[in-house]
S.K.: 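One structure follows; several queries about it will come next.
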Amino acid sequence: MVLIGCACCAGQAVAQTTVTLNGGQKPIPSENESIVDKTLVAWVSPADLTQQGGSCLTMESAKGVFDAIVLGELKEKVWMAGSDYYKRTRREQDGAPEESVAADRFIQLAISYKGREITIYRNGEQLTRYTATVDPVRFGNETLVLFGKRHRGAKDGVSFKGRISDARIYDSALDGAALRKLKPGVAGELPLWAWWPFCTTGTFERMGRFRASRLIGNAKVADGALTLMDEGDTFLVSLADSTLSIEEEGGATTVPASPWNGRGDVPDTVLATTRRLREKLLADPYRPLYHFCVPEGNGKPGDPNGCFWHNGRYHLMYLYARAHSGFCWGHVSSADLLHWRHHPDALRVGPNDSGVFSGGGFVDDDGTAYLTYWMLWGAKGLGIAKSLDSRFDRWEKFAENPVIKSTRWGWTLAKDADGNEVKYASADPSNIWKKNGKYYMVAGNLPLLNDNGRAADSPEAMKGDCVYLFESADLKSWVYKHPFYQRRTDETRASGWTDPDEDNMCPSFLPLPRSADGGALSDKHLLVSISHNRGCQYYIGRYADDRFYPESHGRMTWEDNTYFAPECLMDGQGRQIIWAWLIDNLENDHITYGWSGVYGLPRSLWLADDGTLGIAPVEELKRLRRNHKAVESLRLAEETGQPFAGLPGDDCEIQLTFDPENAPRFVLSVLASDDGSEKTVIHYDAETGHLVLDGSQGGTASSGMITPHALVERAPFRLRPGETLTLRVYVDRSVIEVFANDRQAICRRSYPRKEGRNIRLGAKGESAVCARLDMWEIAPTNPF
């Protein structure tokens, strides 16, 4: 569909309005006034229709949440409702109406928000209407308004280029009939929330709501319009001058959330608030002491990424949403897997992307490290960055990025050597590995599956989990090879492998050692990944002829997807070590508590003697043990359990050894309240063959989880004939992690509310004997 341009007030005399300050309509707002339903309206004349990602009107909160009228960000010439991380944006834009207005013509663009219903209008005619998947944003007196950049933290230098004659905001959702009655420079009959009639009164906001403004770059008001013609040109308005300072970072103009830009003398207020934040984090009853945490801010998504070992140090990247910027990779390193040093961010928003998603790490023979990542947003592809110094503090993205191009978001439509159409994934790259002088990596398939494999009649090759193999001789030019492995088909799914609705993302592909301590490698490889609906899973198999042949499949989360986004490395001992993000977060935790994002303990993975996967916490964790308590031949008389004093019940390791002949059923309760009404229960169910972590009484149900998660997790596990059960249980504030006989593990979070963090051990149904019980306090490793 092609849109037709229309004349507005360009080059014409504009009728004078009789509206006085505040338009005679609404008083200056009270301190607690806010707006939810709304309509954004702007009369605009784009300078060109090839521009991508600028906004002609944005509302943004102090925390970086925004709604905006954006041109061409995901598809050229298409208007869309811009929002933080596309939460209220329709990403699918194939077939969307395309703009065709001439550069000297004005059109009216409007977006109305009524609850979750969002409608985009052009000259009062509906372009699209859809229902967002999240609730609308509430904007209050902290609101900023921008013209040019789509939000104040956008680091890609992109801004709307053109002219704006009038812009306004209504605190209700207008329909097409009401919009068609509006004229630029004239208030009209409807109450206005904010109004900038550039064609009559310049930058003055006529409702008196926004009392500070700043023109950035070459932005100016000329010939009856706000004129934005160069990249970065922005007009910013606010309630106070303190939010209007800018800085230059990486060549892009940004507007920081704080008056201090990180340069020069450090103000006392910054020192004071930084210390207060640390004190708040230290007092947080749910912030772990020895599980790695994102230091502060929004760790959602918080995937571990790009990990590698080199020269005695472990390097780990973590995905987070940098305030007023985009998705970035934080970077920490450690000599002992316990205590982590923070580095400058490894990857930030750059000149060719507006953020980064997941990827892997690799160290070449010369000691240069490389990071693979998914470039955001739009049809970009996969990028690579390389290290520039021996401490890995400085990184440089390849000028050749994307080294693997997408033609759709996250996948590629291309032609093979015979001219036949081929589709392959180009999202979430794995680690790179090297074989016979060539480099290889695989890419995840969720976008490809979503677009081509969800329908019942989709081609079988497009259904279910798969990753796609690429080869390179120089790390810069990559060639697509083929799907890396063949998943099991519908007829064999009963054996416990994957379903057609499961994807394969965040992949890691590495050889398996023969023991938890590393050493010699086995003849098997491990492909570990997530499906978004089922969480972390893995294949063990053979790697030959540039293909992977899975021989067994397993999971690391079962009732839901809590254990998520795995990342693996091989260290100097030959160990394969894995981290994963625990996604059972509290709602808005980064706002309420100032941080979000926790990883499971580093686990050692190896090929057990029976061909299954060995799983154990890394040996280094034993160094943190303090204040040892031990009991042998402990008789357990009742299910309520015997209490144990003398240890902090929310910061400990518990090791239990049971002989199933003497202990047919036990119940270990942790994080138990003093009155016994709250507790998280761990037990082995021999009848069903499950290791069980039951949080249904742990306070989690009432703690406002960000997404619904199963309160009872069950991992398949059976003792072998004559085998004793040994459990290692780690409790760390809100994290509970359980390891069974070096071949199964569960990790969940729990949020108790009542007083008491007690440990109780009892029997269920009849008396039993615990052969040995060891308990230790665990020394904290997180700095705060």
S.K.: Salt bridge or not for Arg487 and Glu502, using N-O below 4.0 Å?
M.R.: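 Not counted as a salt bridge, because no side-chain N and carboxylate O are separated by less than 4.0 Å.
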S.K.: So, taking the atom named NE2 in His525 and the one named OG in Ser508, what distance separates them when rounded to the nearest 0.5 Å?
M.R.: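 Going from the NE2 atom of His525 to the OG atom of Ser508 covers 10.5 Å.
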S.K.: State, yes or no, whether a side-chain contact exists between Asn561 and His532 at a heavy-atom distance under 4.5 Å.
M.R.: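 The answer is no, as the side chains (C-beta and beyond) never meet within the 4.5 Å cut-off.
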S.K.: Is any NZ, NE, NH1 or NH2 atom of the basic residue among Glu653 and Arg625 found under 4.0 Å from an Asp or Glu carboxylate oxygen of the other?
M.R.: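 Looking at Arg625 together with Glu653, the answer is yes, because their closest N to O distance falls below 4.0 Å.
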S.K.: Are the side chain of Tyr563 and the backbone N or O of Arg555 linked by a donor-acceptor pair below 3.5 Å?
M.R.: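 No: the side chain of Tyr563 does not pair with the backbone of Arg555.
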S.K.: Looking only at the side chains, is there a donor atom on one of Tyr549 and Arg547 sitting less than 3.5 Å from an acceptor on the other?
M.R.: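 The answer is no; no qualifying pair exists.
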S.K.: Between atom CD1 of Ile583 and atom CG of Asp560, what is the distance when rounded to the nearest 0.5 Å?
M.R.: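 Taking CD1 in Ile583 and CG in Asp560, the distance rounds to 7.0 Å.
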S.K.: Does Asp675 have any salt bridge (Lys or Arg N to Asp or Glu O under 4.0 Å) partners at least two apart in sequence or in another chain, and if so, which?
M.R.: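 Salt bridge (Lys or Arg N to Asp or Glu O under 4.0 Å) list for Asp675, sorted by chain: Lys754.
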S.K.: Are Leu636 and Phe658 packed together at the side-chain level, in the sense that at least one heavy-atom pair is separated by less than 4.5 angstrom?
M.R.: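 SC-SC contact between Leu636 and Phe658 confirmed.
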S.K.: Once side-chain hydrogen bond (donor to acceptor under 3.5 Å, both in side chains) is applied, do any residues pair with Asn305, and if so which ones, sequence neighbours excluded?
M.R.: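 Residues passing side-chain hydrogen bond (donor to acceptor under 3.5 Å, both in side chains) with Asn305: Trp329, Ser358.
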S.K.: Exactly one of Phe292, Trp581, Phe564 should register a side-chain contact (heavy atoms from CB on, under 4.5 Å) with Pro304. Which one does?
M.R.: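 The residue from Phe292, Trp581, Phe564 that satisfies side-chain contact (heavy atoms from CB on, under 4.5 Å) with Pro304 turns out to be Trp581.
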S.K.: If you define the side chain from C-beta out and look only at heavy atoms, does anything of Trp595 sit under 4.5 Å from Val294?
M.R.: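 Side chain of Trp595 against side chain of Val294, heavy atoms only: no contact under 4.5 Å found.
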S.K.: Are Arg534 and Asp465 within salt-bridge range, i.e. N to O under 4.0 Å?
M.R.: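 Judged by the 4.0 Å cut-off on N to carboxylate O distance, Arg534 and Asp465 do not form a salt bridge.
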S.K.: Assign the ring pair Tyr318 / His342 to parallel, tilted or perpendicular, where the plane angle (0 to 90°) is split at 30° and 60°.
M.R.: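 If you compare the ring of Tyr318 with that of His342, the planes turn out perpendicular.
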S.K.: Could Arg575 and Glu619 be called an ion pair, given the rule that one side-chain N must be under 4.0 Å from one carboxylate O?
M.R.: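 Looking at Glu619 together with Arg575, the answer is no, because their closest N to O distance does not fall below 4.0 Å.
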S.K.: Would you give the length of the straight line joining atom CD1 of Ile736 to atom OG1 of Thr680, rounded to the nearest 0.5 angstrom?
M.R.: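 The distance works out to 4.0 Å.
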S.K.: Please determine whether the number of non-hydrogen atoms from other residues, nucleotides or ligands lying under 6.0 Å from atom CD of Glu551 exceeds 12.
M.R.: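 More than 12 heavy atoms, drawn from other residues, nucleotides or ligands, come within 6.0 Å of this atom.
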S.K.: Is the ring pair His553/Tyr538 parallel, tilted or perpendicular, if the boundaries are 30 and 60 degrees?
M.R.: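 Because their plane-to-plane angle is under 30°, the rings of His553 and Tyr538 count as parallel.
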S.K.: Passes salt bridge (charged side-chain N to carboxylate O under 4.0 Å, His left out), Asp651 versus Arg626? Steps please.
M.R.: CA-CA 11 Å; Asp651 171 22; Arg626 301 288 185 273; over 6 Å; no
S.K.: Would a 4.5 Å heavy-atom cut-off, applied to side chains only, mark His709 and Arg749 as touching?
M.R.: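 Not in contact.
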S.K.: Do the ring planes of Phe509 and Trp433 sit parallel (below 30°), tilted (30 to 60°) or perpendicular (above 60°)?
M.R.: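 It falls in the tilted class, 30° to 60°.
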S.K.: Can you tell me if Asn504 and Tyr485 form a side-chain donor-acceptor pair at under 3.5 Å?
M.R.: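 A pair is found: one side chain offers a donor N or O, the other an acceptor, under 3.5 Å apart.
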S.K.: Would you say Leu613 and Leu512 make side-chain contact, with heavy atoms under 4.5 Å?
M.R.: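 The answer is yes, as the side chains (C-beta and beyond) meet within the 4.5 Å cut-off.
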S.K.: Regarding Glu713 and Thr557, do their side chains bring together a donor and an acceptor under 3.5 Å, going by distance alone?
M.R.: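 Yes, side-chain donor-acceptor contact under 3.5 Å.
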S.K.: Check whether Ser596 reaches the backbone of His590 with its side chain - one donor and one acceptor, N or O, closer than 3.5 Å.
M.R.: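 Judged by distance alone, no pair lies under 3.5 Å.
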S.K.: Flag the pair Glu559 and Arg748 as a salt bridge only when some basic side-chain nitrogen lies within less than 4.0 angstrom of an acidic carboxylate oxygen.
M.R.: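 So Glu559 does not pair with Arg748 through a salt bridge.
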S.K.: For Asp610, is there an ion pair with Arg743 - N to carboxylate O distance below 4.0 angstrom?
M.R.: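 The answer is no: the pair does not qualify as a salt bridge.
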S.K.: Nearest 0.5 Å, please: how far is CZ in Arg313 from CZ in Phe308?
M.R.: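 Answer for the CZ-CZ pair, Phe308 versus Arg313, is 10.5 Å.
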S.K.: Could you note down all residue pairs passing ring-ring contact (aromatic ring centres under 6.0 Å, His included) where residues 605-624 supplies at least one of them, sequence neighbours left out?
M.R.: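 Listed by first then second residue: nothing to list.
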S.K.: Rounded to the nearest 0.5 Å, what separates atom CZ in Arg772 from atom OG in Ser633?
M.R.: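 So the gap between those two atoms works out to 10.0 Å.
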S.K.: Under a 4.0 Å threshold between the charged nitrogen and the carboxylate oxygen, would Arg733 count as salt-bridged to Asp284?
M.R.: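 Looking at Arg733 together with Asp284, the answer is no, because their closest N to O distance does not fall below 4.0 Å.
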S.K.: Any chance you could measure Lys463, atom NZ, to Asp503, atom CG, to the nearest 0.5 Å?
M.R.: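 Answer for the NZ-CG pair, Lys463 versus Asp503, is 16.0 Å.
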